[in-house]
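Read through the structure below, which is laid out as structure tokens, and then see the notes.
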Amino acid sequence: MSIFEYNLEEGEKMKIDIITRHAIANYGSILQAYATEKMLDKLNIENEIIDYVRVEENSKNLVKTYMKNSKKWNRNFITRFIYKIIQKPNLDIMNNKFAKYRKKYLKLTSKQYKNKNELMEDLPQADIYCTGSDQVWGQIANDDYDENYFLEFVPNDKRCIAYSASFGKNKLSENLKIKLPKLMEKYSDIMVRELSAVKILNASGIDNVKLVLDPTLLLSKEEWKENLKIKNNEKEQYILTYQLHHNKEFDKYLKKLAKATNLKVVRLSSSIYYKFKYGKFVYLPDLEQFLTYFKNAKYVVTDSFHGTVFSIIFNKQVIDILPGKTRTRIESILKLFGMEDRIVNDYNDMSIINKEIDYKKVNDILDKERKKSIEYLRKAIERGNDE
């Protein structure tokens, strides 16, 4: 009898509940949560996303939260007032859209939780609890970390695992560094997304760590096309840009690239303010449209980890402009596939357009790493069922 068919009691499916950063108005966040669900579905495991949304990350509080973190706008009453007037309409539209996307694409718990006490008092029932992917173990809002993403609300007699978790950075705050060994005691299996996370955990005396792929990479190109009905339309070639971080050089580089390739630029964004940046603006596309633009692009220029990932999945000529503090995620995935030369180091150098990515080599690595990651996950679940 397969581990993926029955739980400890005959006829009962095993169930995994996942806590992850699913509730942010960000395509990578929702797509990694969706991919985790689909992977567990393939393994015939019942699963759901714990609908945990911190108070300051609730859509009605986001303007205040973002403003607190802005030195430019949180200076005085006048700047705060202006910021609210400017940002509230944009954030309302963005969050309403993503709320619809979450309802459509994700299997969420029937209850939404906002703190540890609520999670402990009405714990969603599962056989295994999993810290999912994305930057779950790093700084959250104004806190060094959030203990709920370390499954501190889960009773000690329950199995806990982590799949593709990330700190997002190379270095931790002193507070988290001190508390990390204790926070990791709950986990029987620890699978992380970046080599930097392996090094951080090893330095804290935690050895049972495996390096795995982001869940979006566990689904093949064909599976993404089938699940989200992605359409083929490669008649019109274009440069796709998906930009998350402010960078004055980004636009300048895009214009030079467009001129050098004689291709138009299409820009995807969930923020209306990118409408004023270079390129044809596509505002808040649904997930099918978002991935269709990646599938049919000639080049992709991005500073996003998941922008890079979907470029790799669809075998696109990706060009990475690294963000500042969170660059380690992109560097890690490019190094894995031997694609470090896709990073822009000179904004005046257009020679990258003459360097084709060897996707036979990349796809061979991806296939090998995908099988390895799924096997690590399978074994982690299997141990949970044996006890």
Side-chain angles (χ1 to χ4, degrees), residues 18-24 26 28-33 35-36 49-50 52 54 56-57 65 69 116 129-154 160-218 244-245 303-309 320 322-336 369 373 376-377 380:
I18 306 128
I19 190 165
T20 187
R21 303 278 285 157
H22 71 287
I24 306 166
N26 174 281
S29 297
I30 193 170
L31 285 164
Q32 63 82 19
T36 303
I49 304 289
I50 297 171
Y52 170 58
R54 290 164 58 101
E56 68 268 42
E57 292 185 335
T65 301
N69 294 324
K116 182 180 177 180
Y129 294 85
C130 177
T131 295
S133 187
D134 228 350
Q135 298 177 72
V136 286
W137 286 343
Q139 183 176 350
I140 308 288
N142 294 317
D143 296 331
D144 287 341
Y145 67 95
D146 183 337
E147 64 180 2
N148 291 319
Y149 290 111
F150 290 91
L151 298 175
E152 285 294 285
F153 59 88
V154 177
C160 294
I161 66 173
Y163 183 82
S164 195
S166 171
F167 292 100
K169 298 178 182 179
N170 287 318
K171 294 182 180 179
L172 305 185
S173 68
E174 287 302 315
N175 182 36
L176 179 53
K177 193 183 294 184
I178 292 167
K179 295 182 178 179
L180 190 60
K182 183 68 175 175
L183 289 168
M184 301 308 296
E185 285 180 359
K186 276 187 175 290
Y187 296 98
S188 61
D189 293 85
I190 303 169
M191 294 162 277
V192 296
R193 197 176 69 180
E194 288 106 26
L195 184 59
S196 58
V198 175
K199 292 178 179 178
I200 286 169
L201 291 165
N202 288 168
S204 295
I206 300 153
D207 298 322
N208 60 324
V209 185
K210 297 286 192 299
L211 184 65
V212 294
L213 295 177
D214 185 85
T216 51
L217 287 161
L218 298 185
L244 299 180
H245 305 87
D303 61 1
S304 155
F305 172 81
H306 283 104
T308 305
V309 164
D320 273 292
L322 297 182
K325 294 180 180 179
T326 57
R327 62 187 289 154
T328 180
R329 299 173 296 158
I330 298 174
E331 289 174 324
S332 180
I333 196 70
L334 292 176
K335 185 176 181 180
L336 175 64
E369 293 297 325
S373 295
Y376 285 150
L377 178 60

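With sequence neighbours left out, the side chain to side chain donor-acceptor pair (under 3.5 Å) criterion links Ser304 to no other residue. Remark: Glu152 engages no residue in a side chain to side chain donor-acceptor pair (under 3.5 Å) (not counting sequence neighbours). Residues satisfying the salt bridge (charged side-chain N to carboxylate O under 4.0 Å, His left out) test with Arg54, not counting sequence neighbours, are Glu56, Asp143, Asp146. Residues passing the ring pair (Phe, Tyr, Trp, His ring centres under 6.0 Å) test with Tyr149 are Tyr52, sequence neighbours excluded. Checked against side chain to side chain donor-acceptor pair (under 3.5 Å), Ser166 has the following partners two or more places apart in sequence or in another chain: Glu194. In terms of the side chain to side chain donor-acceptor pair (under 3.5 Å) criterion, Lys199 has no residue partners (sequence neighbours excluded).
A 4.5 Å side-chain heavy-atom check between His245 and Arg327 finds every atom pair outside the cut-off. You'll find the side chain of Cys160 stays beyond 4.5 Å of the side chain of Phe150, heavy atoms only. Residues Ile19 and Val136 have side chains not in contact (no heavy-atom distance under 4.5 Å, counting atoms from C-beta outward). By the 4.5 Å heavy-atom criterion applied to side chains, Leu244 and Asn26 are counted as neighbours. Side-chain contact between Thr20 and Thr36: absent, with no pair of heavy atoms (C-beta onward) separated by less than 4.5 Å.
Note: Gln139 CD to Lys169 NZ = 5.0 Å, rounded to the nearest 0.5 Å. Put simply, CG on Leu377 and SG on Cys130 are 7.0 Å apart, with the number rounded to the nearest 0.5 Å. Here the straight-line distance linking atom CG of Leu201 with atom CE of Met184 works out to 5.0 Å at 0.5 Å rounding. Atom OG of residue Ser204 and atom CG of residue Leu172 lie 7.0 Å apart, to the nearest 0.5 angstrom. Between the CG atom of Asn170 and the OG atom of Ser196 there is a distance of 5.0 Å, given to the nearest 0.5 Å. How far CG of Asp303 is from CD1 of Ile330: 6.5 Å, rounded to the nearest 0.5 Å.
Pairs of residues two or more places apart, or lying in two chains, that qualify as ring pair (Phe, Tyr, Trp, His ring centres under 6.0 Å) and include a residue from residues 167-213 are Trp137-Phe167, Trp137-Tyr187.
Here the side chain of Asp189 pairs no donor or acceptor atom with the backbone of Ile161 at under 3.5 angstrom. No donor-acceptor pair closer than 3.5 Å links the side chain of Ser332 to the backbone N or O of Thr328. Proximity of a side-chain donor or acceptor of Lys186 to a complementary backbone N or O of Val154 within less than 3.5 Å is detected.
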Taking distance alone, no hydrogens or angles, what donor-acceptor pairs closer than 3.5 Å link side-chain atoms of residues 206-216 to residues at least two apart or in another chain?
| residue | atom | partner | partner atom | Å |
| --- | --- | --- | --- | --- |
| Asn208 | ND2 | Ser188 | O | 3.4 |
| Asp214 | OD1 | Ser133 | OG | 3.1 |
| Asp214 | OD1 | Arg193 | NH1 | 3.1 |
| Asp214 | OD1 | His306 | NE2 | 3.3 |
| Asp214 | OD2 | Thr216 | N | 3.1 |
| Asp214 | OD2 | Thr216 | OG1 | 2.5 |
| Asp214 | OD2 | His306 | NE2 | 3.1 |

Distance-only donor-acceptor pairs under 3.5 Å for side chains of residues 174-182, two or more places apart:
| residue | atom | partner | partner atom | Å |
| --- | --- | --- | --- | --- |
| Glu174 | OE2 | Lys177 | NZ | 3.3 |
| Asn175 | ND2 | Asp144 | OD2 | 3.3 |
| Lys182 | NZ | Glu185 | OE1 | 3.4 |

Side chain to side chain contact (heavy atoms under 4.5 Å, CB included) evaluation trace for Ile24 with Asp134:
CA-CA 11 Å; Ile24 306 166; Asp134 228 350; 5.5 Å; no
